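Notes to accompany the following structure.
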Amino acid sequence: QVQLVESGGGSVQAGQSLRLSCAASGDIYSRNCMGWYRQVPGKERETVARISRFGGTYVADSVLGRFTISQDNAKATVYLQMNNLKPEDTAMYYCAAGRSCERTIYWGQGTQVTVSS
């Protein structure tokens, strides 16, 4: 029922910024929680940030102070503002949604972020 369309990835130099967007459609209760996850080949998937449509947020310690998650409920879109990007931020970034943050069953296609030094 839920479809997620991501955009905003790209290649940048260290210290630059990117903003990822995730446009959602479908049953609103199936996307009470939306979040961003990233994965590098050979490593486990990492939770980057999550947000409830009711306002609660979570940001991983690894990106705290640099990344900010936000939402526009009217547009059904979630954003990930990434500032002061570092090479270790290089990964495939995925948007996900679910009825709760503990069960994210809908996933986007992913958007690549590459940060060079």
Side-chain angles (χ1 to χ4, degrees):
Q1 292 182 330
V2 173
Q3 184 175 5
L4 307 173
V5 181
E6 301 160 319
S7 62
S11 298
V12 298
Q13 295 284 333
Q16 295 184 329
S17 300
L18 284 173
R19 188 178 75 160
L20 306 183
S21 298
C22 177
S25 62
D27 177 41
I28 190 170
Y29 300 106
S30 294
R31 44 185 171 88
N32 287 329
C33 183
M34 297 183 65
W36 290 96
Y37 304 78
R38 66 187 184 186
Q39 188 168 33
V40 176
K43 296 184 178 180
E44 294 184 349
R45 186 177 63 204
E46 177 186 14
T47 301
V48 178
R50 297 182 299 201
I51 189 167
S52 165
R53 66 182 181 92
F54 307 110
T57 61
Y58 162 82
V59 180
D61 289 343
S62 59
V63 301
L64 190 64
R66 298 187 297 117
F67 291 12
T68 303
I69 189 168
S70 62
Q71 65 187 341
D72 185 334
N73 286 332
K75 296 181 178 179
T77 300
V78 171
Y79 305 95
L80 183 68
Q81 179 66 46
M82 304 184 292
N83 296 329
N84 191 25
L85 283 161
K86 302 177 180 180
E88 51 263 42
D89 294 319
T90 295
M92 183 71 74
Y93 284 71
Y94 297 91
C95 178
R99 290 182 176 86
S100 69
C101 291
E102 290 73 31
R103 296 190 65 191
T104 51
I105 62 175
Y106 302 101
W107 292 83
Q109 78 287 352
T111 184
Q112 179 69 37
V113 172
T114 302
V115 184
S116 59
S117 61

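Quick caveat: nothing in here was measured; it's all calculated off a predicted structure.
Rounding to the nearest 0.5 Å places OG1 of T111 at 7.5 Å from CE of M92. Residue E6 holds its CD atom at 9.5 Å from CH2 of W107, rounded to the nearest 0.5 Å. Separating the CG atom in L80 from the CE atom in M34 is a distance of 11.5 Å, to the nearest 0.5 Å. Within the model, atoms CD of Q71 and OG1 of T57 stand 9.5 Å from one another, a figure rounded to the nearest 0.5 Å. A distance of 6.0 Å separates CZ of R50 from CD of E102, quoted to the nearest 0.5 Å.
Atom OH of Y29 is surrounded by 12 or fewer heavy atoms from other residues, nucleotides or ligands within 6.0 Å.
Summarising the geometry of L85 relative to M82, their closest heavy-atom pair is CD2-CB, 3.8 Å, with the distance given to 0.1 Å. Listed here is the closest heavy atom pair of T104 and Y37: CG2-OH, 3.4 Å. Between R31 and A97, the shortest heavy-atom distance links the atoms CB-CB, 3.7 Å. Considering every non-hydrogen atom in both V40 and A91, the closest pair reads CG2-CB, 3.8 Å.
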Going by atom type alone, with no hydrogens or angles, which donor-acceptor pairs under 3.5 Å involve a side-chain atom of residues 12-25 and a protein atom two or more places apart or on another chain?
from: Q13; atom 1: NE2; to: S116; atom 2: OG; distance (Å): 3.3
from: Q16; atom 1: OE1; to: Q13; atom 2: N; distance (Å): 2.9
from: S17; atom 1: OG; to: N83; atom 2: OD1; distance (Å): 3.0

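Within the 4.5 Å cutoff, the side chain of Y58 has no heavy atoms near those of the C101 side chain. Residues Q81 and S70 fail the side-chain proximity criterion, which asks for heavy atoms closer than 4.5 Å. Counting heavy atoms from C-beta on, the side chains of L4 and Y94 never come closer than 4.5 Å. Side-chain contact check for V78 versus I69: some heavy-atom pair is nearer than 4.5 Å.
Taking the side-chain contact (heavy atoms from CB on, under 4.5 Å) definition, one finds that R66 meets it with V63, N84, K86, D89, sequence neighbours left out.
Between the side chains of R53 and N32, at least one donor N or O lies within less than 3.5 Å of an accepting N or O.
Of the possible donor and acceptor atoms, one in the side chain of T90 sits under 3.5 Å from a partner among the backbone N and O of V115.
The cluster map of Ile, Leu, Val, Met, Phe, Trp and Tyr, joined by side-chain heavy atoms under 4.5 Å apart, puts I105 and I51 in the same cluster.
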